[in-house]
**Student:** 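Dropping a structure here in structure tokens format, bear with me for questions.
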Amino acid sequence: MKFYNSLTRQREEFIPQKGNDVYIYSCGPTVYNYAHIGNFRTYIFMDLLRRSLKWNGYKLHHVMNITDVGHLVSDGDEGEDKMAKTAREQAKTPWEIAEYYTKIFMRDIERLNIEKPEIIAHATDHIPEMIAFVSGLVERGYAYETSDGIYFDVLKFSEYGMLSGNKLEEQKAGARVEINDEKHHPADFAVWKKAPREHIMQWESPWGMGYPGWHIECSAMGLKYLGEYFDIHTGGVDHIPIHHENEIAQTCGLLGHPAAKYWLHGEFMLVDGGKMSKSLNNVYTLDQLNDLGYKPCDFRYFCLNAHYRQKLNFTFEGLNAAKKSLSNLKNALLNHKNKPVTEETTAVSEKYYAEFCEAVSDDLNIPRALGIVWNLVKYETKSQTIYDKIMEMDKILAVNLDVICEDVPEDTVDDDLSKIIEEKIKMRADAKKQKNYSEADNIRSELESIGIILTDTPAGTTWKKK
RNA sequence: GGCGCCAUAGCCAAGCGGUAAGGCAGAGGUCUGCAAAACCUUUAUCCCCCGGUCCGAUUCCGGGUGGCGCCUCCA
């Protein structure tokens, strides 16, 4: 397999460090709000990575964190903890907030056919590990204490910026409001924060009551579950300049070397050509898409259409295209069901299958793989072999190609109206019998004007809401 | 100002030196009284522009132009 490694900026042959076992860390959600479709694009990418590794015969040891403490609202190390802020606003405890949004997140990734990593690690369950990590940094001289916390000393790590290419001295002067003048360097970041009395989430530490910095959790939990050296670290591209840079710095500070060998980053999803942001009112959740009539698999299929390292522009035009495309694909696949198996179709499906494998293993080229699926499904001779092979491919795509009819929402038309509609359909059937087609068409358009669409089938006329 | 990504048909998009996958939309057809659905056929003489390397470049190099992201929390 080959992956593009953000750290070396090139495509590399993937060689696990411990034989057939692959150790992965994925940055997971901060559970202070509903995850949006942009977040899910990244987890779909993570899932495709998992599935393709398993497809290639690897055994996975995969950790994803749930950040339920330490992620601050603004300006790196100042400002309120996101969890605490939401808790305050909703008059709940941070624990309740975390539990609620974690539950929704887990439900959503399940709906998107995103496999759960083997280990889901909550930050609040790993405070001792983080404290040990911070102590180690202090002992080794990579972190220092100020009046409000323990900070990582970026100048002690000469390679700081290796992932993003940013140079410390070239950051825009004054772009970052410097509130804390105890810091040695503006880019120094908190690995531990001392808690004000009123802070809800706080733990005992060698530096008094406090709570961990955001970045430390990933370093500490990765070390605990995956060891000093592991294979892959994933996250969104936005993590490159700060979060992952800091993780690398911390790990190098403690261990003297980076932990992960391959860094894989999923690109952003744009909305209408620009950034997704709450102020532009273009942030969508899975539930919202569902209410608009799009199934989770429609969205997943939409994401499969673009390579994970490419920005993907979300529009409803695009989502409609994906929805239609997926439905067409299922129909086309159905044509192969229970059709005779021949030497020819077996050979053909093997050939396409091999191409599919190659695409998947080539830095997760799912768009190309999808094209191969289409070419195979359109093969003129229909055969169960082809059906079976494509269902095999769906183990990567995971868009439920065998599910033909997903649950449609209950129709909200009341009984009286449906009686009237049934009556009209009967009238139209009579008109058709008498070849009075203008009357039949009138009834059709009459119903259409109140939002009812008629469809003639061999079994009779059915109707649905527009 | 710094860092990074990108530019392929109406839209989404693959393509990694040998002459443009795939999907959606559109067009034509089959079927249907008409629709709808389904199925078949079709849709880029060319890949933002200008130079260069090469027998050959959408693909490599240099320079433009344009778009996007980041440098504040973000997947």
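The sequence lines fix the lettering, A, B, ..., with proteins before strands; numbering per chain opens at 1.
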**Student:** Could A:K193 and A:Y211 be counted as a cation-pi pair, given that NZ or CZ must be under 6.0 Å from the ring centre and within 45° of the axis?
**Tutor:** no
**Student:** Would you indicate what A:P241 reaches in the nucleic acid, counting non-hydrogen atoms under 4.0 angstrom: base, sugar-phosphate, or nothing?
**Tutor:** sugar-phosphate
**Student:** Between A:T455 and A:N328, which is nearer to the 5' end of RNA chain B once each is assigned its nearest nucleotide?
**Tutor:** A:N328
**Student:** Under 6.0 Å from the ring centre and within 45 degrees of the ring axis: does the NZ or CZ of A:K323 meet both conditions for the six-membered ring of A:Y301?
**Tutor:**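 No, A:K323 and A:Y301 do not form such a contact.
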**Student:** Is the phosphate of B:G4 approached by A:R9 (side-chain N or O, under 4.0 Å from OP1 or OP2)?
**Tutor:** yes
**Student:** Which of the following nucleotides, B:A75, B:G33, B:G22, is nearest to the side chain of A:W374?
**Tutor:** B:G22
**Student:** Counting heavy atoms from C-beta on, name the nucleotide in B:G33, B:C24, B:A75 closest to the side chain of A:A321.
**Tutor:** B:C24
**Student:** Look at A:E439 together with A:R428 and state whether they make a salt bridge at an N to O cut-off of under 4.0 Å.
**Tutor:** no
**Student:** When you get a sec, tell me which of B:G22, B:A75, B:A38 is the closest nucleotide to the side chain of A:N331?
**Tutor:**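 In terms of side-chain proximity for A:N331, the closest of B:G22, B:A75, B:A38 is B:A38.
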**Student:** Please determine whether any donor N or O and acceptor N or O are separated by less than 3.5 Å between the side chain of A:D441 and the base of B:G33.
**Tutor:**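 Result: at least one qualifying N/O pair found.
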**Student:** Which whole-number value in Å describes the distance from A:N305 CG to B:A13 P?
**Tutor:**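 The answer, rounded to whole Å, is 8 Å.
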**Student:** Between A:T285 and A:H36, is there a side-chain donor-acceptor contact under 3.5 Å, judged purely by atom types and distance?
**Tutor:**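 No, no side-chain donor-acceptor pair sits under 3.5 Å.
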**Student:** Going by purine N1 to pyrimidine N3 plus the second Watson-Crick contact, or the G-U wobble pair, all under 3.5 Å, which nucleotide sits opposite B:A27?
**Tutor:** B:U41
**Student:** Of the listed nucleotides (B:G10, B:C39, B:C74), which one gets closest to any side-chain atom of A:N335?
**Tutor:**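 Side chain of A:N335 sits closest to B:C39.
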**Student:** So what does A:G235 touch, heavy atoms closer than 4.0 Å: a base, only the sugar-phosphate, or nothing?
**Tutor:** sugar-phosphate
**Student:** Once you measure the plane-to-plane angle for A:Y25 and A:H233, does it fall in the parallel (<30°), tilted (30-60°) or perpendicular (>60°) bin?
**Tutor:** tilted
**Student:** Classify the nucleic acid contact of A:Y43 as base, sugar-phosphate or nothing, counting any heavy atom under 4.0 Å across all strands shown.
**Tutor:** sugar-phosphate
**Student:** Rounding to a whole Å, what distance do you find between A:K311:NZ and B:U8:P?
**Tutor:**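 In whole Å, B:U8 P and A:K311 NZ are 13 Å from each other.
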**Student:** With the side chain of A:T42 defined as its heavy atoms from C-beta on, choose the nearest nucleotide among B:A13, B:G33, B:A75.
**Tutor:**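 Shortest atom-to-atom distance from the side chain points to B:A75.
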**Student:** Would you say B:C3 has OP1 or OP2 under 4.0 Å from some side-chain N or O of A:N166?
**Tutor:**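 No, A:N166 has no side-chain N/O under 4.0 Å of OP1/OP2 on B:C3.
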**Student:** Quiz question: by atom type and distance under 3.5 Å, do the side chains of A:Y353 and A:E358 form a donor-acceptor pair?
**Tutor:**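 No, A:E358 and A:Y353 have no side-chain donor paired with an acceptor closer than 3.5 Å.
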**Student:** Less than 3.5 Å between a donor and an acceptor, one on the side chain of A:R309 and one on the base of B:G4, is that the case here?
**Tutor:** no
**Student:** Please check if any side-chain donor atom of A:N320 sits under 3.5 Å from a side-chain acceptor atom of A:Y294, or the reverse.
**Tutor:**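 There is such a pair (donor and acceptor under 3.5 Å, judged by atom type) between the side chains of A:N320 and A:Y294.
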**Student:** Starting the side chain at C-beta, find the nucleotide from B:A21, B:G10, B:A75 nearest to A:N375.
**Tutor:**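 The closest nucleotide is B:A21.
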**Student:** For A:N365, which contact category applies under a 4.0 Å heavy-atom criterion: base, sugar-phosphate, or nothing?
**Tutor:**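 Contact class for A:N365: sugar-phosphate only.
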**Student:** I need the CG-P distance between A:L312 and B:A13, as an integer number of Å.
**Tutor:** 6 Å
**Student:** Regarding A:K433, tell me which of base, sugar-phosphate or nothing describes its non-hydrogen contacts under 4.0 Å with the strands shown.
**Tutor:** nothing
**Student:** When we call it a touch if two heavy atoms are under 4.0 Å apart, what does A:L270 touch: a base, just sugar-phosphate, or nothing?
**Tutor:**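 Sugar-phosphate: the residue A:L270, judged by heavy atoms under 4.0 Å, touches backbone atoms but no base.
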**Student:** Which nucleotide in the set B:C12, B:A14, B:A75 lies at the smallest distance from any side-chain heavy atom of A:T30?
**Tutor:** B:A75
**Student:** I want to confirm an ordering. Mapping A:M269 and A:S327 to their closest nucleotides on RNA chain B, which one lands closer to the 5' end?
**Tutor:**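 Upstream on the strand: A:S327.
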**Student:** For A:H243, answer base if it contacts any base atom (sugar-phosphate contacts may also be present), sugar-phosphate if it contacts only those atoms, and nothing otherwise; contact means non-hydrogen atoms under 4.0 Å.
**Tutor:** nothing
**Student:** Does A:H307 reach a base, just sugar-phosphate, or nothing at all? Heavy atoms under 4.0 Å.
**Tutor:**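 Touches sugar-phosphate only.
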**Student:** Nearest to the side chain of A:S325 - B:C11, B:A36, B:C24?
**Tutor:** B:C24
**Student:** Report which part of the nucleic acid A:K435 touches: base, sugar-phosphate, or nothing (heavy-atom distance under 4.0 Å, all strands).
**Tutor:**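 Since no nucleic acid heavy atom lies under 4.0 Å of A:K435, the category is nothing.
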**Student:** Using a cut-off of 4.0 Å on non-hydrogen atoms, how would the nucleic acid contact of A:K324 be classed: base, sugar-phosphate, or nothing?
**Tutor:**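 Sugar-phosphate contact only.
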**Student:** By the 4.0 Å heavy-atom rule, please label A:K323 as base, sugar-phosphate, or nothing.
**Tutor:** nothing
**Student:** Under 5.5 Å centre to centre and under 30° between planes: does that hold for A:F268 and the six-membered base ring of B:G69?
**Tutor:** no
**Student:** Kindly indicate whether a cation-pi arrangement holds for A:R41 with A:F268, taking the cut-offs as under 6.0 Å to the six-membered ring centre and within 45° of the axis.
**Tutor:**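 No.
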**Student:** Are B:G33 and A:Y437 stacked, with the base six-membered ring and the side-chain ring centres under 5.5 Å apart and planes under 30°?
**Tutor:**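 A stacking contact exists, since A:Y437 sits close and nearly parallel to the base ring of B:G33.
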**Student:** Give the nucleotide from the list B:A36, B:G22, B:A75 with an atom nearest to the side chain of A:M276.
**Tutor:**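 Comparing B:A36, B:G22, B:A75 against the side chain of A:M276, the answer is B:A75.
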**Student:** Taking only N and O in the side chain of A:K378, is any of them less than 4.0 Å away from OP1 or OP2 of B:C39?
**Tutor:**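 False: A:K378 side-chain N/O out of range (4.0 Å or more) of B:C39 OP1/OP2.
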**Student:** For the pair made of CD1 in A:I242 and P in B:A75, what is the distance, rounded to whole Å?
**Tutor:**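 About 14 Å, once rounded to whole Å.
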